[in-house]
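Working notes, beginning with the structure itself.
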There are 2 protein chains.
Amino acid sequence: MSANSRLTIAAHVLTWMAMDQESGRVATSDRIAESVQTNPVVIRRYLGELRAAGLVEARRGAGAGWRLTREPAEVTLLDVYRAVEDGPLFAMHATPPNLGCPVGSGIRPALGEVYAGVEERLRAQLAATTIADLLNDIRGSKNG
Amino acid sequence: MSANSRLTIAAHVLTWMAMDQESGRVATSDRIAESVQTNPVVIRRYLGELRAAGLVEARRGAGAGWRLTREPAEVTLLDVYRAVEDGPLFAMHATPPNLGCPVGSGIRPALGEVYAGVEERLRAQLAATTIADLLNDIRGSKNG
DNA sequence: GCTGTCGTAACCAGATCGGTTACGACAAGG
DNA sequence: CCTTGTCGTAACCGATCTGGTTACGACAGC
């Protein structure tokens with residue numbers, strides 16, 4: 001699989017913000033980029049998508065930065081997934097198959113049913129974990 | 001998501017072979033390519049991966065072609081998935097995060113647990129559908 | 001106005017994937 | 001033995017995706 005780290009990065013960003021918001025400091029793309037170890041512009045691109053999904057908001061001007069719009073316990077990985085991934089998990093043929101062939105015409109609906117079930121389960125599982133869960137997990141393994 | 005059609009194509013190929021083997025003709029990459037509507041070399045590449053997984057075998061020389069090595073009812077989509085997809089569904093950071101940061105060091109194991117659970121369910125669901133199921137589905141919707 | 005940050009465009013590099021051409025390897029059949 | 005048809009695979013191209021980087025205008029607080 002073309003391994004996709006977008007969900008990982010986005011979850012990292014939000015978890016970092018959830019932890020950082022207790023410090024009273026302002027979350028900027030520069031500080032987040034230090035934790036992810038990448039370029040601030042990359043972080044701003046992710047934050048832009050998260051903002052479009054309503055998960056974060058930005059303040060501009062001097063002393064600008066980012067803020068979570070919801071409690072970390074109310075943001076699930078499914079919300080994050082929806083924010084940064086658009087297409088389906090498994091795609092159909094890039095160019096249509098031969099519809100004159102029984103398999104060519106029938107394989108897409110047949111696989112479509114399977115894929116729909118798989119994705120539904122996947123989403124349900126992602127919805128079962130929140131940013132707060134991740135934060136607790138991180139703190140728990142650190143203390144214990 | 002970088003929509004991946006590899007599982008779709010591989011399942012198409014195997015389902016086509018399952019249907020075609022009843023005709024008594026020889027399955028060649030050229031004939032399969034007609035149904036998928038792509039280049040025969042592309043099909044041979046897929047068949048090469050499926051052969052490495054033990055799902056098909058090839059005969060060379062004149063009158064050469066491909067054959068399924070198992071009954072279609074004994075080949076699941078999980079077998080196909082394993083044959084043509086290698087990496088994990090969700091990847092971790094391409095370049096490691098800042099391990100000096102609690103989130104940077106803790107996010108990977110925390111997400112790793114979630115991802116492992118998701119993949120396990122995904123595999124279980126793919127294992128529940130066989131090539132024979134797809135073929136029956138195709139024939140059923142055609143007749144009904 | 002000065003300053004710091006966002007917002008975004010632009011370009012590059014690497015990886016993945018399908019599409020295509022080409023050519024050697026192989027085995028059946030005449 | 002040689003012709004034939006297919007496999008097996010390398011090589012190259014182009015499209016797409018993603019991250020990395022530079023650059024610069026927009027914005028708001030001081």
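Proteins come first, then strands; the chains are lettered A, B, ... in the order of their sequence lines, and each starts at number 1.
Among dC7(D), dC17(C), dT21(D), the nucleotide with an atom closest to any side-chain atom of Asn39(A) is dT21(D). The nucleotide whose nearest atom lies closest to any side-chain atom of Val42(A) is, among dT9(D), dG19(D), dC6(C), dG19(D). Side-chain proximity of Arg44(A) to the nucleotides dA22(C), dG7(C), dT18(D) is greatest for dG7(C). Closest to the side chain of Val41(A), from the set dA9(C), dG7(C), dG18(C), is dA9(C).
Summarising the geometry, the separation between CG on Leu47(A) and C1' on dC6(C) is reported as 10 Å, rounded to the nearest angstrom. dT6(D) atom P lies 18 Å from atom CD of Glu57(B), rounded to whole Å. Rounded to whole Å, atom C1' of dG18(C) lies 12 Å from atom CG of Asn4(B). Between Arg59(B) atom CZ and dG8(D) atom P the separation is 12 Å, expressed in whole Å. Taking atom CD of Glu85(A) as the reference point, atom P of dC17(D) lies 12 Å away to the nearest angstrom. Atoms CG (Asp30(B)) and P (dT4(D)) sit 17 Å apart, rounded to a whole Å. Atom CD in Gln37(A) sits about 16 Å away from atom C1' in dT21(D), given to the nearest Å. Ile43(B) has its CD1 atom 15 Å from the P atom of dT6(D), to the nearest Å.
In this structure, Tyr46(A) does not reach the dT18(D) phosphate: none of its side-chain N or O atoms is under 4.0 Å from OP1 or OP2. Between Arg6(A) and the phosphate of dG19(D), there is a side-chain N or O to OP1/OP2 separation shorter than 4.0 Å. OP1 or OP2 of dG18(C) has not a single side-chain nitrogen or oxygen of Thr38(B) nearer than 4.0 Å.
A 6.0 Å sphere centred on CD of Glu71(B) holds no more than 12 heavy atoms belonging to other residues, nucleotides or ligands.
In this structure, Arg31(B) reaches neither bases nor backbone, as no heavy-atom distance under 4.0 Å exists between it and the strands shown.
Taking the six-membered ring where tryptophan is involved, the planes of Tyr81(B) and Phe90(A) are perpendicular, since the angle between them exceeds 60° and thus also 30°.
One finds a salt bridge joining Arg123(B) and Glu119(B) here, because a Lys/Arg side-chain nitrogen approaches an Asp/Glu carboxylate oxygen to under 4.0 Å. Using a cutoff of 4.0 Å between basic side-chain nitrogens and carboxylate oxygens, Glu22(B) and Arg139(B) are scored as salt-bridged. Remark: Asp20(A) does not engage Arg25(A) in a salt bridge, criterion side-chain N to carboxylate O under 4.0 Å.
Residue whose closest nucleotide on DNA chain D sits further toward the 5' end, between Ala94(B) and Thr28(B): Thr28(B).
Scanning atom types as modelled, no donor and acceptor separated by under 3.5 angstrom connect the side chain of Arg60(A) and the base of dA28(D). Between the side chain of Arg45(B) and the base of dG19(C), at least one donor-acceptor pair of N or O atoms lies under 3.5 Å.
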